[in-house]
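Quick notes on the structure that follows.
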Amino acid sequence: MGAGREASISLDGVRDKNVMQLKKLNTALFPVRYNDKYYADALASGDFTKLAYYNDICVGSIACRLEKKEGGAIRVYIMTLGVLAPYRGLGVGTRLLNHVLDLCAKQNISEIYLHVQTNNEDAINFYKKFGFEITETIRNYYTNISPPDCYVLTKFVSQPQAKK
């Protein structure tokens, strides 16, 4: 980057016409292949699924699924969050995650969670910076990748206080 030049990170929604971008990113980023239900859930989540652009290049994404808990409360499951390796450390993942955390706060969604492979220390440390905690270990969660175990990381989002 030239001195004084501010890199631009922008987010865009995922729609039928650009869902192929998400599919290409997932192929490059993750060791598993995602099925049609994953993409249907991602599209159904609306603003909770975003593509990230760094200087107009699509470099990352977050894809979420909205789940109804007993009692009717909604929680958010982060299915995937990834940034292409050359663009890591530039704030793209932070921007994506903050977008979803802000949406949760605005929509009074108090719980957000995800699964992460037990050896993925970079991801675990990333999420911990945002207040996620390991709440469970699931043995043999993944098939065809090693290690097969995962942690469940959960964050309880505090709601914005009403102005008095």
Donor-acceptor list for residues 41-51 side chains, cut-off 3.5 Å, not counting sequence neighbours:
{"residue": "D41", "atom": "OD1", "partner": "K37", "partner atom": "NZ", "Å": "3.2"}
{"residue": "D41", "atom": "OD2", "partner": "K37", "partner atom": "NZ", "Å": "2.7"}
{"residue": "S45", "atom": "OG", "partner": "A42", "partner atom": "O", "Å": "2.9"}
{"residue": "S45", "atom": "OG", "partner": "T49", "partner atom": "N", "Å": "3.4"}
{"residue": "S45", "atom": "OG", "partner": "T49", "partner atom": "OG1", "Å": "2.7"}
{"residue": "S45", "atom": "OG", "partner": "C64", "partner atom": "O", "Å": "3.3"}
{"residue": "D47", "atom": "OD1", "partner": "K50", "partner atom": "NZ", "Å": "3.2"}
{"residue": "T49", "atom": "OG1", "partner": "A42", "partner atom": "O", "Å": "3.1"}
{"residue": "T49", "atom": "OG1", "partner": "C64", "partner atom": "N", "Å": "3.1"}

For Y77 and E111, which I'm curious about, is there any donor-acceptor pair between the side chains at under 3.5 Å? no
Can we call the ring centroids of H115 and Y142 under 6.0 Å apart? no
Y39 ring centre to K23 NZ or CZ under 6.0 Å, with the angle to the axis within 45°? yes
State whether the number of non-hydrogen atoms from other residues, nucleotides or ligands found under 6.0 Å of N35 atom CG is greater than 12. yes
Backbone N or O of [Y] within a donor-acceptor pair of the [X] side chain at under 3.5 Å?
X: R95; Y: A52; result: no
X: N18; Y: G13; result: yes
X: K69; Y: R75; result: no
X: N125; Y: E121; result: yes

Can you give the donor-acceptor pairs under 3.5 Å from side chains of residues 143-152 to other protein atoms, not counting sequence neighbours?
{"residue": "D149", "atom": "OD1", "partner": "N140", "partner atom": "N", "Å": "2.8"}
{"residue": "D149", "atom": "OD2", "partner": "R139", "partner atom": "NH1", "Å": "3.0"}

Residue pair T80, Y38: steps toward the side chain to side chain donor-acceptor pair (under 3.5 Å) verdict: CA-CA 10 Å; T80 54; Y38 164 97; 2.5 Å; yes
Run the side chain to side chain contact (heavy atoms under 4.5 Å, CB included) check on L97 and F126 step by step: do they pass? CA-CA 10 Å; L97 185 55; F126 173 78; 3.7 Å; yes
Could you measure the distance from the CD1 atom of I9 to the CG atom of N55? Nearest 0.5 Å is fine. 8.5 Å
Member of T118, T154, L153 meeting the side chain to side chain contact (heavy atoms under 4.5 Å, CB included) criterion with I134: L153
